[in-house]
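Here the structure is laid out as structure tokens; the discussion comes afterwards.
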Amino acid sequence: MSGPYIIRGSVSLPEAELMWRFSRSSGPGGQHVNTSDSQVELRFDLARTEALPQVWKDRALERLAGRTVGGVIAVRASEHRSQWRNRETAAVRLASLLAEATAPPPRPRRATKIPRGINERRLREKKQRAQTKRGRSGRDW
């Protein structure tokens, strides 16, 4: 791999906790595709890792509950002909998935009152539009 994959801040994917599996890809490659194991499956044990803070780990396990099996998250890549490029793609994909899953929840929206002038202008424009449409008919109102 080309270096540590940063999740956020100083937290990165630990190389020792990544489990790689290779198999034959059904993607591009021509005659080469039947002889090389270019498809990559990257597995990361989210439930047992010590690399993430506990708050992040809990948040990620909750948000990725549909994608994990026994606390392990798996990412597959088979877009490229070379195993090395598929490894890069899978690692980047896993890092971005974890970054998104561990992000703090957005701040709740503060409800604000609509200014009276905006509401009055909207109603005035509606009346104007109704007058325009009413004037298009051949009848007298």
Side-chain angles (χ1 to χ4, degrees), residues 1-34 36-141:
M1 283 185 13
S2 68
Y5 289 94
I6 309 283
I7 295 174
R8 191 168 54 255
S10 62
V11 179
S12 62
L13 282 174
E15 187 69 37
E17 294 184 21
L18 299 178
M19 296 168 279
W20 299 93
R21 201 173 98 194
F22 308 102
S23 59
R24 294 212 171 118
S25 177
S26 62
Q31 295 173 345
H32 173 76
V33 78
N34 296 326
S36 65
D37 293 338
S38 60
Q39 178 173 302
V40 173
E41 183 179 331
L42 175 58
R43 301 167 78 78
F44 180 67
D45 195 346
L46 191 56
R48 293 195 190 119
T49 187
E50 296 298 320
L52 298 176
Q54 189 62 38
V55 178
W56 287 16
K57 197 184 330 183
D58 294 339
R59 195 180 296 153
L61 283 170
E62 180 185 323
R63 289 182 182 170
L64 298 173
R67 284 195 66 154
T68 58
V69 178
V72 177
I73 187 163
V75 175
R76 233 182 226 157
S78 62
E79 295 87 40
H80 307 287
R81 282 184 62 161
S82 73
Q83 186 186 98
W84 183 80
R85 285 181 67 191
N86 282 332
R87 284 175 67 122
E88 291 288 315
T89 303
V92 168
R93 202 178 290 164
L94 179 65
S96 66
L97 186 68
L98 287 174
E100 192 176 308
T102 59
R107 285 186 181 171
R109 182 187 173 277
R110 271 183 46 206
T112 57
K113 188 177 174 186
I114 298 172
R116 193 166 126 207
I118 289 176
N119 205 27
E120 286 174 357
R121 185 175 67 222
R122 181 182 63 85
L123 293 174
R124 192 170 52 248
E125 287 171 0
K126 277 182 74 159
K127 278 194 167 98
Q128 185 76 39
R129 185 78 180 140
Q131 281 295 113
T132 304
K133 289 188 170 192
R134 195 174 294 143
R136 288 181 187 156
S137 69
R139 302 186 287 177
D140 291 327
W141 291 91

#### Entry: Nearest-0.5 Å distance that lies between atom CG in L46 and atom CG in D58
9.5 Å
### Query
Which residues pass the side-chain contact (heavy atoms from CB on, under 4.5 Å) test with A99, sequence neighbours left out?
I7
### Set of residues satisfying side chain to side chain donor-acceptor pair (under 3.5 Å) with respect to R8, sequence neighbours excluded
T102
#### Entry: Listed partners of R85 passing side chain to side chain donor-acceptor pair (under 3.5 Å), at least two apart
H80
#### Entry: Heavy-atom check, side chain of R129 versus side chain of K133, under 4.5 Å
yes
### Message
Test of understanding: with side-chain contact (heavy atoms from CB on, under 4.5 Å), list the residues that count as partners of S12, not counting sequence neighbours.
### Response
P4, I6
### For E17, salt bridge (charged side-chain N to carboxylate O under 4.0 Å, His left out) partners two or more places apart
none
### Task
Give, for atom CG of L13 and atom CG of L52, the distance between the pair rounded to the nearest 0.5 Å.
8.0 Å
Distance-only donor-acceptor hits, side chain of residues 104-116, under 3.5 Å, sequence neighbours excluded:
| unit_1 | atom_1 | unit_2 | atom_2 | d |
| --- | --- | --- | --- | --- |
| R116 | NE | E120 | OE2 | 3.1 |

### Query
Hey, are the side chains of Q54 and K57 touching, using non-hydrogen atoms and a 4.5 Å cut-off?
yes
### Task
Would you verify whether the NZ or CZ of R43 falls within 45 degrees of the ring axis of W20 while also being under 6.0 Å from that six-membered ring's centre?
no
### Query
Considering all heavy atoms of both residues, which atom of A90 and which atom of V40 are nearest to each other, and what is their separation?
CB-CG1, 4.2 Å
### Query
Nearest 0.5 Å, what's the OG-CD distance between S38 and E79?
10.5 Å
### Query
Which value, rounded to the nearest 0.5 Å, describes the distance between L98 atom CG and F44 atom CZ?
6.0 Å
### Query
How many angstroms lie between atom CG of L61 and atom CD1 of I73, to the nearest 0.5 angstrom?
9.0 Å
#### Entry: Sequence-distant partners of R122, salt bridge (charged side-chain N to carboxylate O under 4.0 Å, His left out), two or more places apart
none
### Task
Find out whether Q39 and F22 are in side-chain contact, i.e. whether some heavy atom of one side chain is under 4.5 Å from a heavy atom of the other.
no
### Message
Checking R59 now: which residues fulfil salt bridge (charged side-chain N to carboxylate O under 4.0 Å, His left out) with it, not counting sequence neighbours?
### Response
none
### Task
Could you tell me the separation between the CD atom of Q128 and the CZ atom of R124, rounded to the nearest 0.5 Å?
9.5 Å
### Pairwise side chain to side chain donor-acceptor pair (under 3.5 Å) hits with a residue in residues 64-76, at least two apart
E41-R76
### Message
Between R63 (side chain only) and A103 (backbone N and O only), is there a donor and an acceptor less than 3.5 Å apart?
### Response
yes
### Query
With R121, which residues qualify under side chain to side chain donor-acceptor pair (under 3.5 Å), at least two apart?
none
### Query
Can you name the closest pair of heavy atoms from T49 and P14 and give their distance?
OG1-CG, 4.5 Å
### Task
Tell me, please, which residues at least two apart from E62 pass side chain to side chain donor-acceptor pair (under 3.5 Å).
none
### Query
Who are the salt bridge (charged side-chain N to carboxylate O under 4.0 Å, His left out) partners of R48, not counting sequence neighbours?
D45
